[in-house]
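What you see is a predicted model, and the numbers here were worked out from it, not measured in a lab. For reference, positions follow the sequence shown, starting with 1. Indexing begins at 1, ligand by ligand and atom by atom, following the structure's order.
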Amino acid sequence: MSQIRAAVTGVNCFVPEHRLTNTDLEKMVETNDEWIKTRTGIEERRILKDKDKAAAYMGSQAVKGLLEKTGTSPEEIDVVICATVTPDMMFPDTANLIAYENGMKNAFTFDLGAACSGFLFAFNTAARFIESGAYKKVVVVGSDKMSAITDYTDRSTCILFGDAAGAVLLEPNDEGNGMMDSILRSDGQGAEFLYQAAGGSLRPASHDTVDAKQHFIYQNGRPVFKAAVSGMAGVVQEIIAKNKLSPDDIAWVVPHQANLRIIEAVARMADFPMERVMVNINKYGNTTAATLPLCLWEWESQLKKGDNLILTTFGGGYTWGAIWLKWAY
Ligand code: UT7
C-alpha cells in the first residue's frame with residue numbers, strides 16, 4: 001500500500017491595498033531608500049489601515065478565496081491551524097474566528113506561534129494530521145498584522161515588516177507527492193534578541209509597559225542575521241543530504257522573507273542559483289507567518305506536478321526548519 005502524504009491542493013493570499021514605500025518611511029524616521037534597499041532588499045510593504053480589521057480578517061479573506069478556488073465546501077474542512085504572532089486577541093484563537101467567518105462548522109481550530117517559522121511549524125503539524133489518516137482536509141493559515149506591533153519611530157524595525165495572510169489546503173495524496181520530510185528546530189537562547197516584551201502573563205499591559213514601548217517588536221538585528229543564515233543554510237543542506245538529493249533535483253527554494261542578504265547567503269551556502277529561489281520581499285517586506293504562502297501563491301502558475309520544493313524559515317525563539325515538499329498539481 002502506498003504511503004499517504006499530505007499535499008498542497010490550493011493556495012491563496014490576501015494583501016492589504018495600502019502600500020508603505022521607502023519614500024514614505026523617509027518622512028517618518030531617519031532613513032533612506034538606498035539604505036533600506038541595499039541592507040534588506042525591501043521597497044514597499046502592505047499595511048492594513050482599517051483599525052477594526054486584523055489578522056482574522058486577513059486570514060478569513062485568504063481562506064474564503066482558497067475554498068472558492070479549490071471548490072471546497074466549508075463543512076468539509078476538518079482542522080484549521082492559524083500561525084500568527086499578532087492574533088486578534090489573546091483568546092479566542094484567530095483560527096477560531098477564521099473558521100466561524102467562513103462557516104467551517106465541522107472543523108476544530110487552534111493557533112500556533114513559532115514567530116516567523118509559524119507557517120512551517122503549522123504546515124508540518126497539519127501534514128502529520130493528514131498522514132495519520134484521522135483528517136482529510138486541513139487548512140493552514142499564516143496571518144500577521146505586523147503593523148499592530150511595530151514602533152514607527154524605531155528605524156531599525158519599522159522598515160522591515162508588512163501585513164498579509166496566506167492559506168493552503170492540505171489533503172491526502174497517494175501519488176507520491178506532498179510533504180516528503182521535515183526538520184524543525186528551536187533554541188531558546190535566541191529569546192533575548194527578538195521579542196515582544198509585554199502583553200503576556202509575565203508583563204500584562206499596564207501604563208508602564210505602554211510608556212516603555214514594550215508592546216512593540218524588539219530586535220537586535222546582527223545576531224539574528226547571523227543565526228538566520230547558519231540556521232537556514234544548515235537545515236537546507238541537512239534535508240538535502242538526508243534524502244540523498246542534490247541542489248539540481250530541487251526546482252525551487254522557498255525561503256522566509258526577512259532580508260534579501262540572508263536569502264542570498266543561504267542560497268550561496270546551499271549551492272542554489274538565485275534564479276530558483278523565490279524572492280518577493282521587495283514588494284511585501286517581512287510578513288512573518290505569511291511569507292511562505294505569499295511566495296507559493298505568486299509562483300503557483302510556474303509550479304509543476306512533481307516539482308521538488310524546499311521551504312525554509314528562521315524566526316524569533318529561535319525557531320527554524322526546512323520542509324521537502326513535492327508539488328501535487
Ligand atoms: O524574521 C525574523 C528574523 N529576523 C531576521 O532575520 C532579521 C535579521 N537582521 C537583519 O535583517 C538586519 O540585521 C537588519 C536589516 C535588521 C539591520 O541590518 P544590519 O546590516 O544588521 O544593520 P545594523 O543593525 O548593524 O546597523 C548598521 C548601521 C547602524 O549605524 P552605525 O551604528 O553603524 O552608525 C544603524 O544605526 O545602520 C544604521 N541603521 C539604519 N540606517 C538607516 C539601522 N537602521 C537603519 C535605517 N536607516 N532604517
Side-chain donor or acceptor of S117 paired with backbone N/O of T319 under 3.5 Å: yes
Donor on one side chain, acceptor on other, D144 and T84, under 3.5 Å: yes
Closest approach of any protein heavy atom to atom 18 (O) of ligand 1, naming residue and atom: R261 NH2, 3.7 Å
Hydrophobic cluster membership, W35 vs V29, 4.5 Å side-chain cutoff: no
Where ligand 1 meets I159 - atom numbers and elements under 4.0 angstrom, heavy-atom basis: 48 (N)
For E175, side chain to side chain contact (heavy atoms under 4.5 Å, CB included) partners two or more places apart: N173, N177, K305
Nearest neighbour in protein (non-hydrogen) for atom 24 (O) of ligand 1: R222 NE, 4.5 Å
G221: numbered ligand 1 atoms lying under 4.0 Å from its heavy atoms: 8 (C), 9 (N), 13 (O)
Subset of ligand 1 atoms that lie under 4.0 Å from at least one heavy atom of V224: 3 (C), 4 (N), 5 (C), 6 (O), 8 (C)
Ligand 1-proximal atoms of N286, by part, heavy-atom distance under 4.0 Å: side chain
I36 near ligand 1 by a heavy-atom separation under 4.0 Å: no
For ligand 1, the portion of T31 having any non-hydrogen atom under 4.0 Å away: both
Close side-chain approach of F110 and I81, heavy atoms under 4.5 Å: yes
Within-cutoff protein neighbour (heavy atom, under 4.0 Å) for atom 32 (O) of ligand 1: no
Any N or O of S156 closer than 3.5 Å to N or O of ligand 1: no
Partner of Y284 by side chain to side chain donor-acceptor pair (under 3.5 Å), out of E298, Q257, R46: E298
Distance from atom 2 (C) of ligand 1 to nearest protein heavy atom, with residue and atom: C116 SG, 3.3 Å
Protein contact to atom 4 (N) of ligand 1 [nearest heavy atom, distance to 0.1 Å]: Q219 OE1, 3.1 Å
A258: numbered ligand 1 atoms lying under 4.0 Å from its heavy atoms: 1 (O), 5 (C), 6 (O)
Closest approach of any protein heavy atom to atom 36 (O) of ligand 1, naming residue and atom: R155 NH2, 2.9 Å
Atom 14 (C) of ligand 1: nearest protein contact (heavy atom, Å): N259 ND2, 4.4 Å
R261 CZ to F225 CZ distance, which is reported to the nearest 0.5 Å: 4.0 Å
Residues N22 and R45: side-chain donor-acceptor under 3.5 angstrom: yes
Protein contact for atom 39 (N) of ligand 1 (heavy atom, distance under 4.0 Å): yes
Protein non-hydrogen atom found under 4.0 Å from atom 42 (C) of ligand 1: yes
Proximal ligand 1 atoms for R39, defined as those under 4.0 Å from one of its heavy atoms: 20 (O)
Crowding at CD, E17 (>12 non-hydrogen neighbours, <6.0 Å): no
Pair E300-Y329, side-chain donor/acceptor within less than 3.5 Å: yes
Under 4.0 Å to a heavy atom of T40 - the qualifying atoms of ligand 1, by number: 15 (C)
Location of contacts on I262 toward ligand 1, heavy atoms closer than 4.0 Å: side chain
Pairs touching residues 99-109 that satisfy side chain to side chain donor-acceptor pair (under 3.5 Å), sequence neighbours left out: N96-T109
H256, any N or O under 3.5 Å of ligand 1 N or O: yes
Donor + acceptor pair across side chains of H215, T209 (<3.5 Å): yes
Flag for D163-S147: side-chain donor and acceptor within less than 3.5 Å: yes
W35 contact mode with ligand 1 (heavy-atom cut-off under 4.0 Å): side chain
